[in-house]
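Remarks on the structure that follows.
Values in this document were obtained by computation on a predicted structure and should not be read as measured data.
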Amino acid sequence: MGIFEAYRAIGYITSGVPFSVQRLGTETFVTVTVGKAFQIYNCSKLNLVLIGPQLSKKIRALASYRDYTFAAYGTDIAVFKRAHQVANWSRHSAKVNLLLLFGDHILSVDADGNVFIWSFKGIDENSAPIGHIKLDAKFTPTCIMHPDTYLNKVLVGSQEGSLQLWNISTKKKLYEFKGWNLGVCSCVSSPALDVIAVGCADGTIHVHNIRYDEEVVTFKHSARGTATALSFSTDGQPLLASGGSSGVISIWNLEKRRLQTVIREAHESSIISLHFFANEPVLMSSSADNSIKMWIFDTSDGDPRILRFRSGHSAPPLCIRFYANGRHILSAGQDRAFRLFSTIQDQQSRELSQGHISKRAKKLRMKEEELKLKPVIAFDCAEIRERDWCNVVTCHMDTEQAYVWRLQNFVIGEHILRPYPEDPTPVKACAISACGNFAILGTAGGWIEIFNLQSGISRGSYLDRPKESAHDGEVIGVACDSTNTLMISAGYHGDIKVWDFKGRYIKSRWEIGCAVVKIVYNRLNGLLATVTDDFVIRVYDVVASRMVRKFEGHTDRITDLCFSEDGKWLLSSGMDGSLRIWDVILARQIDAIHVDVAISALSLSPNMDVLATTHVDQNGVYLWVNRSIFSGAPNVDSFASGKEVVNIRLPSISSVDGSQLEDSDEPVTDNSVPKDASVSATFIKQIPELVTLSLLPKSQWQSLINLDIIKVRNKPIEPPKKPEKAPFFLPSASSLSGEILFMPSEANGNNDAKGNKAENNDRKLDMPPSAFLQLLQSSAEIKNFSAFTDYIKALSPSALDMELRMLQIIDDENLEELDRKPEMISIELLLDYFVSELSYRNNFEFIQAVIRLFLKIHGETIRRRPEFLHEAKKLLEIQTDVWQKIDTMFQQTRCMVTFLGNSQF
């Protein structure tokens with residue numbers, strides 16, 4: 001494993017497999033596939049509620065029932081209860097293409113025409129099918145459905161055009177429908193009995209009565225393509241929705257037998273699934289363009305409008321950049337979309353608006369794709385002016401102008417930047433100054449111009465006199481320093497020029513000697529990294545105008561590179577599938593990994609904890625975690641592989657343990673902690689030289705320290721008043737003064753209790769130990785106190801105080817009997833527990849509070865017993881050692897803050 005470990009992929013919504021809808025109580029959920037995993041969305045807000053684990057192959061069919069999800073991958077069927085796999089059914093010899101939920105059974109159909117019947121009641125006990133049906137030899141199944149009210153019967157459509165009705169109980173074919181000599185692509189049952197709808201390969205939709213084998217009505221799609229999905233409305237309106245391979249959804253009126261409306265450009269790719277919600281005028285659609293949409297029929301003219309949707313890139317991203325301190329990722333794709341992905345909460349991901357595209361397309365009778373901006377080839381952003389004006393500038397493919405965006409409102413800006421309007425050429429490079437006020441643009445004709453972002457007005461051009469441009473050829477990249485002193489530009493022919501930012505004149509220049517492909521400038525250390533067509537990375541000191549580093553290793557075109565925030569690392573990716581990390585200070589490669597799909601773009605978060613990559617022909621953004629930060633290793637060399645290239649799989653959709661184990665051949669280990677069977681998993685996560693807090697509420701562990709003060713504060717001010725009249729069930733008598741006196745039975749009971757004190761103490765020794773003591777003893781036997789720690793953390797402060805006081809030694813006159821008391825053994829075990837916890841420095845503040853309470857109760861007993869003094873001395877040594885290290889770190893921080901606070905800049 002390298003420095004970066006595969007974490008998860010974001011930006012995937014759905015793939016080309018029909019979804020499964022189910023209703024649980026008052027909520028409706030939809031299960032979709034994303035490659036080798038599945039996701040479940042809540043339909044009320046289309047928010048993601050569950051991500052399934054990664055399978056070994058892509059999911060080909062899906063079905064769901066309550067907490068169970070059935071996913072067909074390859075020749076097997078995986079059964080999940082929520083996110084945990086509980087069974088794996090493997091009986092098919094061919095790929096499973098269809099799954100049908102049929103009562104308490106699941107029907108699976110493979111490409112060879114084998115139909116297996118599985119029962120999912122008692123999955124753990126039985127993993128064998130309860131039935132098998134072999135379809136005809138010249139019958140290739142394409143869809144399967146259950147006609148309503150048809151007991152034990154399913155209807156199977158074929159690629160040859162015929163349909164067959166089978167009884168799954170008797171395993172017999174009841175009837176065969178000849179069809180229409182066209183391949184059946186979809187079929188669905190209608191609310192009317194005996195009536196189904198069948199979609200064919202030529203785009204025709206046949207509403208058919210299967211009881212009499214008669215056709216009711218036929219519809220024909222106006223757009224070319226197949227009828228891939230069908231759904232009937234169940235809210236009382238006689239509507240049939242059909243989706244085609246062209247991405248158009250047609251709504252048909254069954255009473256009037258005509259087309260009611262068409263949702264043009266509903267999706268950018270083929271419609272995979274359609275579903276009308278039960279008794280609701282809402283239609284859900286999914287497509288291979290990585291989107292799910294919900295349409296509602298509530299307009300006066302009956303046309304649907306979009307209610308809510310979730311979407312990602314429908315084509316691979318070209319450029320990415322971390323934003324908002326690593327919480328978001330800006331991504332520009334080949335689908336002409338500019339998106340903002342959230343790395344924390346998936347619901348916050350969205351597409352930046354390019355204006356009223358849909359309304360303009362409808363008004364102009366054009367496709368939305370024709371009105372969208374062309375794909376972004378380069379962009380830059382500045383967070384410092386996000387609240388004031390537009391803070392993102394983008395360059396588009398073969399476009400003579402650049403566009404600005406306002407990320408605070410997620411919309412395109414009002415200004416369009418047009419450099420050199422007299423002789424316009426496509427804009428190829430852009431950069432925003434560190435102050436966020438200026439945007440610098442470079443064109444294919446060698447022109448460089450600076451604009452004010454607030455007003456969109458040009459502030460001048462950078463000209464290399466006596467030339468009438470900045471460079472002879474295309475401007476590959478532009479950058480500026482952190483103080484608006486220097487501006488750096490690079491031409492395609494290998495000339496690098498350093499300009500005075502305000503004066504716009506050349507201060508220095510140098511030639512690389514070969515064509516430049518890309519440049520990246522680090523404002524912290526003033527280094528400029530250049531990529532040339534000879535697959536070599538050269539690093540230049542801009543002020544000294546000389547090359548300081550040269551990195552070689554890529555064997556194919558370098559696609560992207562970026563500096564780390566501190567300027568110590570340089571990351572590069574190439575079409576050879578490698579990702580290489582270079583140490584700029586040591587001038588060497590410290591790590592290299594290889595993935596199956598070449599990286600097209602990359603970006604490292606400002607905290608250097610997460611790396612984002614995009615890949616060729618992949619629509620998502622893949623996240624990698626920096627193991628050297630989260631594991632607490634003393635140095636990077638413990639993870640880095642140096643010049644050795646390690647093969648790693650791409651991150652999966654799910655970040656659960658199962659997918660992590662699949663991504664690597666070896667389990668992840670932490671070299672900072674010795675491998676010991678007695679060390680629990682919680683200890684392995686401990687960072688050396690630091691302490692780990694318990695994450696408990698502050699009031700819970702502070703109450704242990706101040707429990708006596710809390711009891712005094714909560715003590716009632718006045719004693720309880722005697723009732724005027726005693727309850728009828730208590731015997732009482734009136735005194736001469738009229739006060740009610742209770743009968744002496746209660747007092748006698750108290751006297752008996754006092755008299756039997758010694759007897760109760762003897763009986764206490766015979767009582768079974770509590771869960772507190774049992775867990776303490778069992779944890780001490782295996783030398784692993786993690787379960788005991790979790791138990792006492794769950795106790796309330798008063799309950800924990802009571803458990804410790806139950807071990808208190810009250811009568812210690814007889815020393816021989818005292819040694820046999822179980823309380824003595826428990827106190828010794830607790831001392832061992834505190835020593836163990838302090839040595840690992842886990843739950844630091846909580847353990848400190850428990851030790852204080854323990855010593856307050858049992859301190860006198862420990863002082864008077866010599867066998868406890870050794871353990872107490874060991875506890876003191878560990879406590880002193882741990883606290884001195886922490887106090888030293890605090891003192892260093894205090895000195896640094898005081899020094900910076902008193903300094904004058």
Side-chain angles (χ1 to χ4, degrees), residues 8-22 29-41 48-101 106-112 114-116 118 120 123 127 141-144 186 228-229 269-273 275 284-292 310 312 596-597 617-620 622 649-656 658-659 661-663:
R8 68 186 182 100
I10 60 176
Y12 284 102
I13 306 300
T14 183
S15 59
V17 176
F19 55 65
S20 176
V21 179
Q22 61 173 329
F29 299 90
V30 57
T31 307
V32 300
T33 64
V34 277
K36 299 179 182 179
F38 66 89
Q39 298 181 154
I40 300 179
Y41 292 92
L48 185 63
V49 296
L50 189 143
I51 302 178
Q54 189 90 342
L55 296 174
S56 59
K57 298 179 181 179
K58 288 187 177 181
I59 298 177
R60 303 175 60 88
L62 202 65
S64 59
Y65 176 76
R66 294 184 180 176
D67 289 340
Y68 289 97
T69 302
F70 307 88
Y73 65 105
T75 59
D76 297 342
I77 302 171
V79 184
F80 299 91
K81 187 172 184 181
R82 295 187 64 81
H84 304 284
Q85 185 171 354
V86 296
N88 191 81
W89 297 337
S90 56
R91 182 59 64 90
H92 289 274
S93 58
K95 293 182 179 180
V96 181
N97 294 327
L98 302 172
L99 289 179
L100 176 66
L101 179 66
I106 289 289
L107 274 65
S108 59
V109 186
D110 61 21
D112 292 342
N114 294 300
V115 181
F116 285 97
W118 312 82
F120 55 83
I123 293 176
S127 60
T142 56
C143 58
I144 184 171
S186 58
T228 55
S269 185
S270 174
I271 307 295
I272 300 301
S273 294
H275 176 77
M284 176 182 287
S285 62
S286 72
S287 172
D289 65 352
N290 196 23
S291 66
I292 299 177
R310 294 292 301 276
D596 296 334
V597 185
D617 297 331
Q618 302 293 322
N619 295 343
Y622 295 85
R649 295 185 182 181
L650 289 180
S652 61
I653 306 297
S654 173
S655 60
V656 296
S659 63
L661 294 178
E662 182 187 352
D663 291 340

Any idea which heavy atoms bring [X] and [Y] closest together, and the distance?
{"X": "Ser15", "Y": "Thr33", "value": "OG-OG1, 2.7 Å"}
{"X": "Ala37", "Y": "Gly52", "value": "CB-O, 3.8 Å"}
{"X": "Ile51", "Y": "Ala83", "value": "O-CB, 4.0 Å"}
{"X": "Ile13", "Y": "Arg310", "value": "CG2-O, 3.8 Å"}
{"X": "Ser108", "Y": "Ile77", "value": "CB-CD1, 3.4 Å"}
{"X": "Leu55", "Y": "Ala78", "value": "CD2-CB, 4.1 Å"}

Could you check whether any side-chain heavy atom of [X] comes within less than 4.5 Å of a side-chain heavy atom of [Y], counting everything from C-beta outward?
{"X": "Phe38", "Y": "Leu50", "result": "yes"}
{"X": "Asp596", "Y": "Leu650", "result": "no"}
{"X": "Met284", "Y": "Ile292", "result": "yes"}
{"X": "Ile106", "Y": "Trp89", "result": "yes"}

Rounded distance [0.5 Å steps], [atom1] in [X] versus [atom2] in [Y]:
{"X": "Phe116", "Y": "Leu107", "atom1": "CZ", "atom2": "CG", "value": "11.5 Å"}
{"X": "Ile272", "Y": "Ser291", "atom1": "CD1", "atom2": "OG", "value": "10.5 Å"}
{"X": "Arg8", "Y": "Ile653", "atom1": "CZ", "atom2": "CD1", "value": "9.5 Å"}
{"X": "Gln54", "Y": "Arg649", "atom1": "CD", "atom2": "CZ", "value": "9.5 Å"}
{"X": "Leu98", "Y": "Thr142", "atom1": "CG", "atom2": "OG1", "value": "7.5 Å"}

Test your reading of the model: is there a side-chain donor-acceptor pair from [X] to the backbone of [Y], 3.5 Å cut-off?
{"X": "Asp112", "Y": "Asn114", "value": "no"}
{"X": "Thr14", "Y": "Val32", "value": "no"}
{"X": "Ser287", "Y": "Ser270", "value": "yes"}
{"X": "Asn290", "Y": "Gly11", "value": "yes"}
{"X": "Ser20", "Y": "Thr31", "value": "no"}
{"X": "Ser273", "Y": "Phe19", "value": "yes"}

Name all pairs fulfilling the side-chain hydrogen bond (donor to acceptor under 3.5 Å, both in side chains) condition that reach into residues 65-81, sequence neighbours left out, sorted by first residue then second. Tyr73-Asn88

Sorted by chain and residue number, the side-chain hydrogen bond (donor to acceptor under 3.5 Å, both in side chains) partners of Gln618 (sequence neighbours excluded) come out as Tyr12, Tyr622

Run the side-chain hydrogen bond (donor to acceptor under 3.5 Å, both in side chains) test against Tyr41 and tell me which residues pass, sequence neighbours left out. Gln39

Between Lys58 and Val17, does the side-chain contact (heavy atoms from CB on, under 4.5 Å) criterion hold? Intermediate values first, please. CA-CA 10 Å; Lys58 288 187 177 181; Val17 176; over 6 Å; no

